[in-house]
Structures are given as structure tokens and as C-alpha cells.
Number of protein chains: 2
Amino acid sequence: MAQLNNVTPLFKDLAKVEHEHNIACRECSLYRLCLPLGLHSNDLAQLDKIIKRSQGFTRGEALFASDTPFKSIFVVRSGSFKTTVQASDGREQVTGFYFPGEFIGMDAIYEQAYKSTAKALESSSVCELPFEKLQEFGTTMPQLQVQMMSRLSKELSGDKTLMFLLGKKTAEEKLATFLLSLSRRFQDRGFSAREFQLTMSRGDIANHLGLAVETVSRLFTRFQDEGLISIQSKAISLLDSDKLKQLCG
Amino acid sequence: MAQLNNVTPLFKDLAKVEHEHNIACRECSLYRLCLPLGLHSNDLAQLDKIIKRSQGFTRGEALFASDTPFKSIFVVRSGSFKTTVQASDGREQVTGFYFPGEFIGMDAIYEQAYKSTAKALESSSVCELPFEKLQEFGTTMPQLQVQMMSRLSKELSGDKTLMFLLGKKTAEEKLATFLLSLSRRFQDRGFSAREFQLTMSRGDIANHLGLAVETVSRLFTRFQDEGLISIQSKAISLLDSDKLKQLCG
DNA sequence: ACGCATAATTGATCCAGGTCAATGCGCTGA
DNA sequence: TCAGCGCATTGACCTGGATCAATTATGCGT
């Protein structure tokens, strides 16, 4: 666990527990958020067997790189990740941030190759689901397939929302929306909706929202001046989420 | 067929043939692009039975509305559609355009409700796939499930690309990318990659790309002045797609 | 074929947010 | 403890594309 001491993981307790023991899905605290939902216990045991529990990634380490053959879908177990797509000229877009229980790599099924790069934002770990095995299981566990589709659909729906954000929202609306989205996701995971760590850099946030770093920085200070938030480097608390909600448009 | 005479459907021949006969998947000219790919012929016959072939929609008519219960996934049979998401304040974002063989409504699986509105851009028709039935079939036809996931994945991948476009590209790059994307899709469907109809309005294009109508209009005239395209109201031809490719960045 | 509504073009002006530049802060490692 | 470096903040200025305002096509209904 030494590597965990020099960072501030978002989900320290989870990381501690689940790094140390390769605990079964049934006992995983993410169960409620994850794939196995709705599976019977013998099916669950089957699933358990094919899941590879990874050793963990350190800040900046890649889970997979763009244009690499697709083999597995990953579920974040602890920590957090970002995914990016890049153009040949070097420009890149942060397409998403991923927290425990969330799936990474589903956009690679069609092309059979990852079309984005996934990097850890802090010390993190994942469960690896080899897609071929997953397919085999689909025959005997239709519920699993439905669950998978549901996951894909959820991300699709989220992406449409993001398209609206990128295409139609002002800088202020973008940042307010982003903060509340994080807040909601932390709450879903049993953490404070009010206070949390921004594990990604200002640059990552700006990039993701289609803004310049400077704009994000200015907005943070303005939100703070207006008493909406309190922010100190990576630690943020939402002081007036009602007003933030209004700002989302 | 009277309703088809006063419009210029993108896929007139398809519309003619497939409106009149409820032809089976096996004989459908979209087979290659559509769901049944990889199914055995007896499976195909099964699938055929659950597919409802709709009567057709006229320009502006809604296939489904936002916040309506989810029942079916739709495949465009002829014509074209757009999907939009809207905010409470009235702003809306065109999240996609859909052509024959493409799937609409997959982002509704998770929420079990359509989170976008789909409208016909011209006289169009769809195949309706009741999701419940599709699920039942999944048990006996795992291949179908895989195919569905593949479709979802493809759209996901496309959305990431669009996020890059919205977040990082200039107006010029956006429009060039859009035109080439249409071109490629028409080519995939056996139509000219060089000359086609823009069934959507300038407003729809602008909205989709996160631009103002005026900007799109100006770019069209500029592209025309520079000899890249030739455009006359809805009819466009790409005169220099190599240079357009360069403009995409 | 005519007239009205809607869509598209074109021009003039403006501003949100980007870019450039300088400074400040906080890790990290010796 | 402190130097060095990457990240973040702050200020000054600039610009791509939005907005506003006419004008001109297009197409639809009668």
C-alpha cells in the first residue's frame, strides 16, 4: 500500500480494502453500481471466475492506448481515470472521467480496437472483463447481456448530454454542470455530495468542457467570491448547490 | 405513394420499393448495414416476425418524443431523421442525423425512456424493433445481442468523435468534417460520395455543429468561392474532397 | 400562377472567451 | 530546508464567431 500514501485517492477506503483482497463481486461494495446487478448467485460465481483484478495503476499510467486491439472492458474499482481522443495534429479532447463502478472501453467493441486512451488520474485499480468470455457467458446469462447494453445505453445518453453542454452552454453553465455531475456521482457512491477532491487537473477540466484553463481558473475564483463554492487546490466544497443548479440553465 | 411526389427523398428508389412491399430482412437492400448481419436464415425468419414495418413519416413528424416511455429501437428504412435533446429553457442540440440502416433510440435503454426527440427530415420510414422481444430472442440468439452491442458501441465511438469536433475544432473544420462524414455514409449506402442532398436545414446543421446559421451560410459560400464545393439550396457536390479532408485537421 | 411564410444569404457590429504574458504557489526530491 | 518545476492564478488584450439587421431566395398552400 506504500504507493497510496503519497496521494489522496478519492476512495481511499475502497482502495485499501479492495487492493488488498481480491474480493468477490458478491462482497464488493460497488456491487450495487456494477455489472452483476440482477444476476443469480451461481451466475455471479461464474462471472467472478473470468474477472481479472488488476494490480493497480499510478497517476498518469495508461490503462490502454488508442489504436490498440480491443480485448477487455474495464470497470473502475478504485481511483479515477480519464479518456481522451486525439487528432493527428496533437490536439486532444478529454471525453470522460471515470469513477468506481463505471465502465471504460465500451466504445471499442465495434471497431475491435480502442479509439481512445485511458489514463489513471491517481493511484487506481480496475476489474478487467475479457470481452470474449463475456460473450460466451451471454448465451447462458441473457441478463448479463441486458446489463451490458444498459451500461452502453447509459453512456450514450450521457454523451448526448455532453454534446448539448459543449454545443450550447456558456462557460459558466459548463462548469456549474460539471461540478454538479461530479457531486451526484460521488453521492451515488456513498460519498459526500458537498465536499470532494478534483482528481483531474484544471487543464483536464478545461479541455473536457471545451474551455481554456484560464477561463476555468477565473470561474473557480468567481464562484468562490460569490460564495457558491470553496476551493483550495484540489479540494472543493459546494456551498450553494441550489444556486449552482440554477446556473446550469 | 402520393406523399412521396412532392419531396426529394434521399433514397427515392429504396423508399419506393420498401414502402410498397413489407419485404423481409433477407431481401432488404439494407441487410448489409443492418442488424441481422451474421444471423442464420432460420434466426432471420424469427427476427422478421417481430419487426414492425412502419407506415412512414412526413417531414417534421416525430418518431418519438423526449421523456416518453421506451418501447422500441428503430432502424431507418428510407429517408432521414434528426435527434435533439432540449433544455428546460428551450435551447436544443441536434445530437445526430440518421440515414437508412442506422439505429435510433438506443440511448433510451438505460432510462427506459427516450431522452431525445426524433423527427423525420423528409418522407421516411423505419423498422421498429420492440425491445422486449429483442431481449427474449437474445437468449436463443446470442449473435443478435452481440450485434446490438456492436451497434451501441459504434454510436458511442461516433459520439466521442463529435465531442472532439464540438470541443476543439474551428467552424471551418467542423463543416468540412460534417460534409465528409455525410459523404462517407452515402457511399457506404451505395450512393454517390460526391453529390447528395442535404435533407436537413442550415439551422439543423449549424445547431449540430455548435455554430450560428450565419456562420454555416458564410462557410458554404466561401467553400464554393474556393472551388471546394458547389451548392444550390439543398443539393451539394464535393468538388475537391482532398482539400476538404485537409481542412478537417 | 400568385402571395405569404419560412429559410438562406449577406453585411455591420459586438463580445465571450481565447491567447499571451507575468507572477505565484505547492510539491518533490536532494 | 530550499531549489526547481509544473500547475494554477491573474491581468491585458485580441479575435472567431455570435448577434443584430436587412435583403433575397425558396417553397408551400390555395
Side-chain angles (χ1 to χ4, degrees), chain A residues 2-3 5-8 58-60 82 91 93-94 121-123 165-176 178 197-225 229-236 247 249, chain B residues 2-9 58-61 82 91 93-94 119 121-123 165-176 178 197-225 229-236 247 249:
Chain A
Q3 62 180 359
N5 292 333
N6 51 5
V7 292
T8 317
T58 55
R59 182 173 150 65
K82 70 171 174 183
R91 278 182 296 183
Q93 168 79 24
V94 174
L121 293 171
E122 57 185 317
S123 288
L165 177 141
L166 286 167
K168 296 286 167 305
K169 291 197 176 184
T170 64
E172 182 181 85
E173 291 171 330
K174 284 176 178 180
L175 193 61
F178 175 70
Q197 298 287 323
L198 300 169
T199 51
M200 66 294 291
S201 70
R202 301 288 193 271
D204 286 338
I205 297 172
N207 183 304
H208 183 53
L209 302 177
L211 298 171
V213 201
E214 294 90 331
T215 306
V216 169
S217 192
R218 275 186 257 268
L219 280 170
F220 273 145
T221 48
R222 218 189 74 205
F223 282 178
Q224 181 153 245
D225 291 347
I229 63 170
S230 158
I231 190 166
Q232 192 184 182
S233 83
K234 307 233 153 215
I236 190 169
L247 288 186
Chain B
Q3 62 180 359
L4 283 183
N5 293 332
N6 53 4
V7 291
T8 319
T58 55
R59 182 173 150 66
E61 213 177 324
K82 70 170 174 183
R91 279 182 295 183
Q93 168 80 24
V94 174
K119 283 191 177 153
L121 293 170
E122 57 185 317
S123 289
L165 177 141
L166 286 167
K168 296 285 167 305
K169 292 197 174 183
T170 65
E172 183 180 84
E173 291 171 329
K174 284 176 178 181
L175 193 61
F178 175 70
Q197 299 286 324
L198 300 169
T199 51
M200 66 295 290
S201 69
R202 301 288 193 272
D204 286 338
I205 297 173
N207 182 304
H208 182 54
L209 302 177
L211 298 171
V213 202
E214 294 90 331
T215 305
V216 169
S217 191
R218 276 186 257 269
L219 281 170
F220 272 145
T221 48
R222 217 189 76 204
F223 282 178
Q224 181 153 245
D225 291 347
I229 63 170
S230 157
I231 190 164
Q232 193 186 182
S233 81
K234 306 233 151 213
I236 190 168
L247 289 186

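Quantities reported herein were computed from a predicted structural model and do not represent experimental measurements. Residue numbers start from 1 in every chain, and the chains themselves are labelled A, B, ... in the order their sequence lines are given, proteins ahead of strands.
Between A/L175 atom CG and D/dA8 atom C1' there is a gap of 14 Å when expressed in whole angstrom units. To the nearest angstrom, P of D/dA8 lies 13 Å from CD1 of A/I236. Across the protein-nucleic acid pair, A/L219 atom CG and D/dG11 atom P stand 14 Å apart, rounded to whole Å. Taking atom CG of residue A/L166 and atom P of nucleotide C/dG17, one finds them 13 Å apart after rounding to whole Å. In this structure, B/K234 atom NZ and C/dT9 atom P are separated by 10 Å, rounded to whole Å. As a whole-Å value, the separation of B/Q197 CD from D/dG27 C1' is 14 Å. For the pair B/F220 CZ and D/dG17 C1', the interatomic distance rounds to 16 Å; values are reported in whole Å. Distance A/R59 CZ to C/dC27 P: 12 Å, rounded to the nearest Å.
Judged by distance alone, with hydrogens and angles left aside, A/E214 brings a side-chain donor or acceptor within reach of the base of C/dC20, the pair sitting under 3.5 Å. With hydrogens and angles left out, the side chain of B/R218 and the base of C/dG11 share a donor-acceptor pair within 3.5 Å. For a distance-only test at 3.5 Å, the side chain of B/R202 fails to qualify as a donor-acceptor partner of the base of C/dT10.
Taking the side chain as every heavy atom from C-beta outward, B/Q93 and B/L166 approach each other to under 4.5 Å. Using a 4.5 Å cut-off on side-chain heavy atoms (C-beta onward), B/L211 and B/K174 make contact. Looking at heavy atoms from C-beta onward, A/N207 lies out of side-chain contact with A/V213 at the 4.5 angstrom threshold.
Between B/T215 and D/dG17, a side-chain N or O to OP1/OP2 separation shorter than 4.0 Å is absent. Residue B/T221 has a polar side-chain atom (N or O) positioned under 4.0 Å from OP1 or OP2 of C/dT10.
A salt bridge is absent between B/R202 and B/E214: the closest approach of a Lys/Arg side-chain nitrogen to an acidic carboxylate oxygen does not fall below 4.0 angstrom. A salt bridge between B/K234 and B/E122 is absent, with no side-chain N of the basic residue lying under 4.0 Å from a carboxylate O of the acidic one.
Near-neighbour residues of DNA chain C inside residues 203-212 of chain B, defined by a heavy atom below 4.0 Å, number-ordered: B/G203.
When heavy atoms are screened at a 4.0 angstrom cut-off, B/S217 is found touching base atoms of the nucleic acid.
Contacts of B/K169 classified as side chain to side chain donor-acceptor pair (under 3.5 Å), with partners at least two apart in sequence or in another chain: B/T177. Residues forming a ring pair (Phe, Tyr, Trp, His ring centres under 6.0 Å) with B/F220 (at least two apart in sequence, or on another chain): none.
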